[in-house]
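Worksheet: one structure, shown below.
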Amino acid sequence: MKDFGQLQKDLARVALGDRSAFARVYQATSAHLFAVALRILNRRDVAEDVLLESFVSVWKHAGGYQASAGEPMTWLISIVRNRALDVVRSASTRHETTRSLAADGGEADIPDERPSPLQLLTQATDSLAIRGCMEALDASHRQCLALAYYQGMSHSQVAAHMRAPLGSVKAWVRRGLERLKACMENG
Amino acid sequence: MNYDRSDLLDRLASEYVLGTLRGGARRRFATLLTILPSARAAVEQWEHQLALLASSLPPVEPPPRAWAAIQSRIGSRLVARAVPRSWWSALWKPAVGFAFGAVLTFALVRLMPEAFVSLDGLAQREQALPQSYVGLLLDGEDAPALVVSSTRHGKRVTVKFLRPITVPAGKVIQVWALPREGAAFALGVASATKPPGSTSFGMTSSSETLLSKVARLAVSFEDAPAQPGTVPQPFIASGPCVKLW
């Protein structure tokens, strides 16, 4: 996906206050990270804010990345997802975000032809060569996982979206996660 | 809730990363992350696995104003510092600041000498500092570059960066302990950190075990974390290691 080695070096430079390395990190990752935020928030202006706060945080805490020694994209995606989920959880519930999206019209022009969460999950598992393994799982279980991951939905939002009982949705999400882990660990 | 059960911990970590763990349960788990390394490790594992799912999202270019906004947030201080109005304004501001500070200190010492030299004050400060091993490492210009510290019975070393250290590509910052007798041994690797930030790493044993006979600490650039028997590269900073008790 990205040149992890180069990103790692650039983040190490960012930890030392190197602004050109920071620009390279932004160049290499912002479109991907913006997509992550936009999927969860459904609004360009709010997603831009999340991107802004995330990159300010990267600038301030790049030293913290090195200590954790994970892959740089994992670290960056976690920062952006956590911030986006915080926004969804706090003032604007998902319901309000969606409603204001409709009200704003032009500002939040998210194309309708974008792939569905389940399609995204299928593509991702395909490229990880675990699609077959994941498809042993009921489609509704995969759908729950996809809605929670890509759209940042809570259990009750997934339940409402799928018109399924909350208890079932909780169990399906759990099974989806367990299956994902087993598939990734066993190839 | 019994967090010792690793399967429960793993499940909570997975739902925490996914985002479906909410409310009080989320807050409790977030607190747990700061104190329980196994919870932190489970979260990192899940962050890695779930981040792979994001690869299928079609990238969306943010508008140019997004980068401009980020730059203005992080850059204003740097720009202001880089472009002084004139050469003398860069000179007189620190000079005035220093003079003011000197006058203030002089006045305070004259007015309240007990605040600076009282035995009570000293005793309190001493009590506030935990029993620790501390090294102040000077660089090639004899300037304080790093403070390396560890509590007496702890296994973690904190490295505070006082000056920027530029790590050559592909190298790591290796921290060494130099005993009064015998060969130097590796303590661990410190991540390069922007001053005045700190980083930390774990040691194989407690400070008391490893450092009680160590006279000096030093750092060098190595190709990889040093293994037992590795001969250190030239030190870029070194200094005495003392007991704080």
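Residue numbers begin at 1 in each chain, while the letters A, B, ... track the order of the sequences. What you are looking at is a predicted structure, and each value in this text was computed from that prediction instead of being measured.
Of all heavy-atom pairs between A54(B) and V36(A), the closest is CB-CG2, 4.2 Å. Between S14(B) and L177(A), the shortest heavy-atom distance links the atoms OG-CD1, 3.4 Å.
The structure places CH2 of W46(B) at 6.0 Å from NZ of K181(A), a figure rounded to the nearest 0.5 Å. Atoms CD and CG, from E178(A) and D7(B) in turn, are 9.5 Å apart once rounded to the nearest 0.5 Å. Here CD of E185(A) is found 6.0 Å from CD of Q45(B). Values are rounded to the nearest 0.5 Å. To the nearest 0.5 Å, atom NE2 of residue H155(A) and atom CG of residue L21(B) are 8.5 Å apart. Atoms CG and OG, from L128(A) and S55(B) in turn, are 5.5 Å apart once rounded to the nearest 0.5 Å. With rounding to the nearest 0.5 Å, the separation of CG in L18(B) from OG in S154(A) is 10.5 Å.
Contact of the I70(B) side chain with the W59(A) side chain is not registered, since no non-hydrogen atoms from C-beta on lie closer than 4.5 Å. You'll find the side chain of I74(B) reaches within 4.5 Å of the side chain of R19(A), heavy atoms only. Annotation: side chain of E47(B) is not in contact with side chain of R81(A) (no heavy-atom distance under 4.5 Å). You'll find the side chain of L50(B) reaches within 4.5 Å of the side chain of L180(A), heavy atoms only. Looking only at side-chain heavy atoms (C-beta outward), K60(A) and K194(B) stay at 4.5 Å or farther from each other.
Your options are G19(B), A66(B), G23(B), P62(B), and the one with the most heavy-atom pairs under 4.5 Å with chain A is P62(B). Listed options A47(A), A23(A), S127(A) were ranked by heavy-atom pairs under 4.5 angstrom with chain B; first place goes to A23(A). Taking chain A as the reference chain and counting heavy-atom pairs below 4.5 Å, the highest number among G197(B), S56(B), A190(B), S198(B) is found for S56(B).
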M153(A) and T20(B): CA distance, side-chain angles, deciding distance, side-chain contact (heavy atoms from CB on, under 4.5 Å) verdict: CA-CA 7 Å; M153(A) 284 189 186; T20(B) 45; over 6 Å; no
Verdict with reasoning, R44(A) to V60(B), per side-chain contact (heavy atoms from CB on, under 4.5 Å): CA-CA 10 Å; R44(A) 282 184 166 270; V60(B) 182; 3.7 Å; yes
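Contacts of V14(A) with chain B are made by backbone atoms alone, with heavy-atom separations under 4.5 Å and no side-chain atom involved. With a threshold of 4.5 angstrom between heavy atoms, T166(B) approaches chain A through its backbone and through its side chain. Contacts between N82(A) and chain B at a heavy-atom distance below 4.5 Å involve the side chain alone, from C-beta outward. Of the atoms belonging to R26(B), it is side-chain heavy atoms, and not backbone ones, that fall under 4.5 Å from chain A. Of the two parts of P58(B), the backbone and the side chain both hold a non-hydrogen atom closer than 4.5 Å to a non-hydrogen atom of chain A. Heavy atoms of Y149(A) lying under 4.5 Å from chain B belong to its backbone as well as its side chain.
Applying the 6.0 Å contact sphere to CD of Q27(A) captures no more than 12 heavy atoms from other residues, nucleotides or ligands.
E53(A) and R73(B) are joined by a salt bridge, as a carboxylate oxygen and a charged side-chain nitrogen come within less than 4.0 angstrom of each other.
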